[in-house]
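Structure first, then comments.
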Protein chains: 2
Amino acid sequence: MDNTETKQKILDTAQELFAEHGYSNTSLRQITSGAGVNLAAVSYYFGGKEQLLFELVGNTLRPLNAERLRRLDALTSNHSTEDVVRCFLEPAIDILSQDNCDIPCILGQAHREQNLALQAFIAQEVRPVAARFIDAIHDTLPRLGTAEILARGEFMIGALLHVLHSQTAVARALAPDQQRLNDNTFIAEQLIKFCTAGFSNE
Amino acid sequence: MDNTETKQKILDTAQELFAEHGYSNTSLRQITSGAGVNLAAVSYYFGGKEQLLFELVGNTLRPLNAERLRRLDALTSNHSTEDVVRCFLEPAIDILSQDNCDIPCILGQAHREQNLALQAFIAQEVRPVAARFIDAIHDTLPRLGTAEILARGEFMIGALLHVLHSQTAVARALAPDQQRLNDNTFIAEQLIKFCTAGFSNE
DNA sequence: GTCTATACTCCGATAGAC
DNA sequence: GTCTATCGGAGTATAGAC
């Protein structure tokens with residue numbers, strides 16, 4: 001069997017199972033038997049279960065943050081606060097509309113894992129985006145201090161992660177007849193409006 | 001040894017260890033040896049590790065939601081949007097200021113666990129508060145549809161849980177010199193302002 | 001009723017055979 | 001590069017001591 005083929009089959013199966021049952025609730029035996037490879041293959045190719053998760057998270061975060069930076073760079077000098085918020089949120093929410101809905105689950109889970117090494121890994125990936133984002137917000141809301149921008153940035157990340165992870169499960173449980181809660185475009189626009197208004201409060 | 005004393009020692013130790021290392025990363029053997037009781041005591045008193053978590057979560061959610069309902073009931077007929085948001089957020093953030101900071105960790109973790117039974121348990125506890133909250137928001141923002149209120153309610157919960165869990169860890173990592181990010185009063189006021197503005201956007 | 005000792009199954013990891 | 005065998009530790013269940 002090919003090297004890359006085995007690795008890819010493990011990654012695909014792990015992504016699927018992690019998304020469905022969660023990292024801790026998925027065993028290496030489920031992954032390897034699902035992928036049709038030997039139990040020891042995960043240790044051989046990735047170094048262990050945790051490094052396998054790191055690989056998945058990195059593969060998701062890298063293109064996402066690259067796209068965020070690309071959009072931030074494309075902003076003109078007289079951009080609005082909503083433009084900046086959109087640069088940050090839209091690439092993440094776009095993933096929800098793609099066919100593979102494992103990715104947002106993996107992403108949301110990663111931020112929530114109580115794992116210092118993983119937290120540091122994520123922080124390192126997000127840092128350059130955060131720095132550019134703070135500057136861009138500062139341009140549109142000069143009266144807002146750095147502490148305010150940082151705090152509100154955390155609120156935005158929290159709201160985004162919650163939506164990525166649960167996909168408004170609480171709201172849909174409370175009102176099953178509200179079909180708009182299943183519409184990702186509706187949720188995306190609501191989230192962008194919500195966060196833009198939240199930031200703009202000087 | 002007394003019945004209630006053994007149960008309480010298990011609850012206290014479990015709360016501490018779950019908060020520090022996470023539910024999945026804490027073993028029953030750590031809990032029982034830390035509490036000075038036998039391994040089987042958890043099965044005997046709670047039925048298993050999962051039911052032990054349920055008990056902890058319930059003990060945290062019950063008084064929190066009772067306080068939220070009490071404050072919602074105390075609102076006068078001409079309340080503001082900020083009043084309603086404050087009723088929901090302040091009791092949760094007040095916990096942060098208490099000496100026992102295990103509780104917010106347990107709360108944030110509970111929402112994060114990929115566990116359908118736990119999700120249902122939480123949804124059932126939150127449901128009465130959510131229903132009253134939606135009505136109260138509707139009073140102040142009559143042009144807002146139910147779907148909008150529900151979606152934005154999810155964003156607010158996401159932002160709150162993120163703060164409860166990480167206590168603005170990302171922001172503090174990005175700017176260690178911003179002391180205000182360690183001030184719970186500052187974070188609370190910022191969160192209330194952020195969510196109030198987010199809801200008010202009709 | 002409370003608690004102890006113990007056994008059972010499953011987990012992640014790894015040394016070593018092939 | 002792949003696989004088997006095996007290890008220590010996990011959660012769980014229970015028989016029996018007090």
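What's counted below: heavy atoms across the whole structure, side chains too, no hydrogens, waters or symmetry copies. So you know, we letter chains A, B, ... as the sequences are listed, proteins then strands, and number each from 1.
If you measure from atom CG of A/Leu39 to atom P of C/dT14, you get 12 Å, rounded to the nearest angstrom. As rounded to whole Å, 14 Å separates atom C1' of C/dA13 from atom CG of A/Leu52. B/His21 places its NE2 atom 17 Å from the P atom of D/dG9, with the value rounded to the nearest Å. Rounded to an integer number of Å, the gap from B/Glu5 CD to C/dC3 P is 9 Å. A straight line from OH of A/Tyr23 to C1' of C/dC11 spans 12 Å, rounded to a whole angstrom. At whole-Å resolution of the value, CG in A/Leu28 and C1' in C/dG12 are 6 Å apart. One interatomic measurement links the two molecules: OH of A/Tyr45 to C1' of C/dA13, which rounds to 18 Å at whole-angstrom precision. Counting to the nearest Å, the C1' atom of D/dG9 and the NZ atom of B/Lys49 are 12 Å from each other.
A donor-acceptor pair is defined here as one N or O able to donate and one able to accept, closer than 3.5 Å; such a pair exists between the side chain of B/Thr140 and the backbone of B/Ile137. Proximity of a side-chain donor or acceptor of A/Asn184 to a complementary backbone N or O of A/Ile93 within less than 3.5 Å is not detected.
Distances shorter than 4.0 Å separate some side-chain N or O of A/Ser27 from OP1 or OP2 on C/dC11. For the pair B/Thr6 and C/dC3, the criterion of a side-chain N or O lying under 4.0 Å from OP1 or OP2 is met.
Among the heavy atoms of the strands lying under 4.0 Å from B/Thr26 are primed sugar atoms or P, OP1, OP2 only; no base atom is included.
Within 3.5 Å, no donor on the side chain of B/Arg29 pairs with an acceptor on the base of D/dG9, nor the reverse.
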Run B/Arg172 and B/Asp183 through salt bridge (charged side-chain N to carboxylate O under 4.0 Å, His left out) and show every step you take. CA-CA 11 Å; B/Arg172 279 183 287 134; B/Asp183 177 7; over 6 Å; no

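Minimum atom distance to the side chain of A/Ala40 is reached by D/dC3, of the listed D/dC3, C/dT6, C/dA13. Considering only side-chain atoms of B/Asn38, the nucleotide from D/dC3, C/dA13, C/dA5 that sits closest is C/dA5. Checked against C/dC11, C/dC3, D/dT2, the side chain of A/Tyr44 finds its nearest nucleotide in D/dT2.
A 4.5 Å side-chain heavy-atom check between A/Arg68 and A/Phe133 finds every atom pair outside the cut-off.
In summary, B/Asp73 and B/Arg132 engage in a salt bridge, as defined by a charged side-chain N under 4.0 Å from a carboxylate O.
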